[in-house]
Amino acid sequence: MELWIATGNKGKLEEYKLTLNKVPEFKVYSQADLPHFTPRPEDGATFLDNARIKAKSVKALKSEHWILGEDSGLEVAGLNNLPGVHSARYAGPHARDSENTAKLLKMVQIRTAANRQAQFKCVTVVLTPQNEEWVFEGELKGQISLKATGTHGFGYDSIFIPDGETKTLAELGPAYKLQHSHRAHALAQFLDKLRSGSFII
Ligand code: ITT
């Protein structure tokens with residue numbers, strides 16, 4: 001079976017592949033494997049809307065296969081749950097990860113510990129070859145660190161300390177995220193559903 005991941009984010013794709021490459025029934029592709037693919041604007045109001053937009057954009061070209069679209073982001077208590085769906089573009093339309101994290105640190109710097117509480121959210125829309133839609137959600141709670149540390153991962157990993165930990169995700173590394181991240185939680189539900197439907201062993 002082919003599973004197409006509707007993302008242009010290499011960090012996300014690497015994390016999916018770490019788990020999915022161990023599922024022998026699936027061969028994993030992404031939109032980077034589609035030569036004429038143009039992403040649609042992510043103009044939904046919610047993670048679910050945007051995950052659906054992404055999944056459908058690949059479905060239009062690969063309708064007979066499994067498609068997974070994901071929208072994710074960081075919600076910070078002291079910023080009224082921003083950047084949320086705007087996480088990828090928090091510092092501007094083509095912002096780099098370093099610019100987004102720098103802006104976020106600046107915004108929360110003078111705020112209280114309570115305001116530094118945050119959560120990563122991940123909503124995944126899977127479109128099956130039979131054109132069913134399956135939705136999964138994952139969350140990881142923690143807090144924004146005082147400065148960026150660590151070299152692993154992507155996005156806001158260098159400024160996010162999960163609850164119960166003293167290090168950032170960028171210090172904890174891929175093995176930690178594989179077990180505990182918002183993405184890992186949503187993906188585990190997808191794999192459970194595939195097993196319960198006997199799509200995979
Ligand atoms: P696609 O839409 O092509 O999947 P994207 O990077 O634009 O790529 P999103 O719209 O879902 O993806 O934006 C999510 C942003 O939230 C992402 O760019 C990161 O900045 C951040 N983010 C999501 N998951 C993260 C994680 O596991 N670690 C760090 N930052 C994350």
Side-chain angles (χ1 to χ4, degrees), residues 4-19 28-34 37-59 67-76 79 81-105 107 118-126 136-145 148-162 165 167-188:
W4 285 78
I5 312 286
T7 186
N9 181 316
K10 289 184 183 148
K12 282 186 189 178
L13 186 61
E14 267 175 37
E15 292 185 7
Y16 278 114
K17 283 188 169 174
L18 278 178
T19 298
V28 178
Y29 298 91
S30 80
Q31 64 194 44
D33 299 308
L34 293 168
F37 181 77
T38 312
R40 291 185 194 162
E42 285 176 40
D43 50 9
T46 63
F47 292 121
L48 176 59
D49 290 343
N50 284 334
R52 197 176 271 139
I53 288 170
K54 293 179 212 185
K56 284 187 173 171
S57 66
V58 171
K59 186 80 178 168
I67 317 284
L68 185 156
E70 178 222 283
D71 200 55
S72 50
L74 183 60
E75 297 177 338
V76 182
L79 300 174
N81 283 340
L82 284 174
V85 290
H86 307 293
S87 293
R89 298 167 298 281
Y90 189 44
H94 304 291
R96 289 193 297 263
D97 286 347
S98 56
E99 294 169 320
N100 285 330
T101 50
K103 177 172 177 186
L104 200 118
L105 281 180
M107 299 294 281
Q119 61 230 348
F120 272 116
K121 290 261 177 77
C122 172
V123 175
T124 299
V125 167
V126 172
F136 308 99
E137 295 187 21
E139 189 178 86
L140 177 63
K141 287 185 181 294
Q143 60 175 295
I144 303 302
S145 60
T149 42
T151 54
H152 296 288
F154 67 97
Y156 298 92
D157 281 347
S158 63
I159 61 166
F160 185 89
I161 303 174
E165 302 293 337
K167 294 181 174 174
T168 66
L169 283 174
E171 294 174 293
L172 292 164
Y176 183 90
K177 287 190 79 178
L178 206 61
Q179 291 285 315
H180 302 287
S181 80
H182 46 310
R183 183 165 300 104
H185 288 140
L187 185 56

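Being a predicted model, the structure only gives us computed values, none of them experimental. When a ligand or atom number is given, it counts from 1 through the structure's own listing order. For reference, positions follow the sequence shown, starting with 1. In what follows, every heavy atom counts, from backbone to side chain, and hydrogens, waters and symmetry copies are set aside.
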Query raised in the report: Going by an N to O cut-off under 4.0 Å, is there a salt bridge joining E137 and K121?
Result: no
Query raised in the report: Can you check salt bridge (charged side-chain N to carboxylate O under 4.0 Å, His left out) on R183 and E70, steps first, answer last?
Result: CA-CA 9 Å; R183 183 165 300 104; E70 178 222 283; 2.5 Å; yes
Query raised in the report: Taking the inter-plane angle between the rings of F160 and F120 on a 0 to 90° scale, is it parallel (under 30°), tilted (30 to 60°) or perpendicular (over 60°)?
Result: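 Because their plane-to-plane angle lies in the 30° to 60° range, the rings of F160 and F120 count as tilted.
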Ligand 1: which protein N/O atoms lie under 3.5 Å from its N/O atoms?
residue, atom, partner, partner atom, Å
ligand 1, 2 (O), E42, OE2, 2.8
ligand 1, 2 (O), K54, NZ, 2.7
ligand 1, 3 (O), T7, OG1, 3.4
ligand 1, 3 (O), G8, N, 2.8
ligand 1, 4 (O), T7, OG1, 2.6
ligand 1, 4 (O), K12, NZ, 2.7
ligand 1, 6 (O), N9, ND2, 2.9
ligand 1, 10 (O), E42, OE1, 2.9
ligand 1, 10 (O), K54, NZ, 3.3
ligand 1, 10 (O), D71, OD1, 3.2
ligand 1, 11 (O), K12, NZ, 2.8
ligand 1, 11 (O), K54, NZ, 3.2
ligand 1, 11 (O), D71, OD1, 3.1
ligand 1, 11 (O), S72, N, 3.0
ligand 1, 12 (O), K12, NZ, 2.9
ligand 1, 24 (N), S72, OG, 3.4
ligand 1, 24 (N), H182, NE2, 3.1
ligand 1, 24 (N), R183, NH2, 2.9
ligand 1, 27 (O), K177, NZ, 2.6
ligand 1, 27 (O), H182, NE2, 3.2
ligand 1, 27 (O), R183, NH1, 3.0
ligand 1, 28 (N), D157, OD1, 2.6
ligand 1, 28 (N), K177, NZ, 3.1
ligand 1, 30 (N), Y156, N, 3.0

Report task. State which residues pass side chain to side chain donor-acceptor pair (under 3.5 Å) with K59; sequence neighbours excluded, sorted by chain then number. Result -> none
**Report entry** Spatial distance of atom CG (L74) from atom CD1 (I144) [nearest 0.5 Å]
**Finding:**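 Here the rounded value is 4.5 Å.
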Requested in this report: Report the C-alpha distance between E99 and Y90 in whole Å, list the side-chain angles of each, state the deciding distance to 0.1 Å, and finish with yes or no for side chain to side chain donor-acceptor pair (under 3.5 Å).
Outcome: CA-CA 8 Å; E99 294 169 320; Y90 189 44; over 6 Å; no
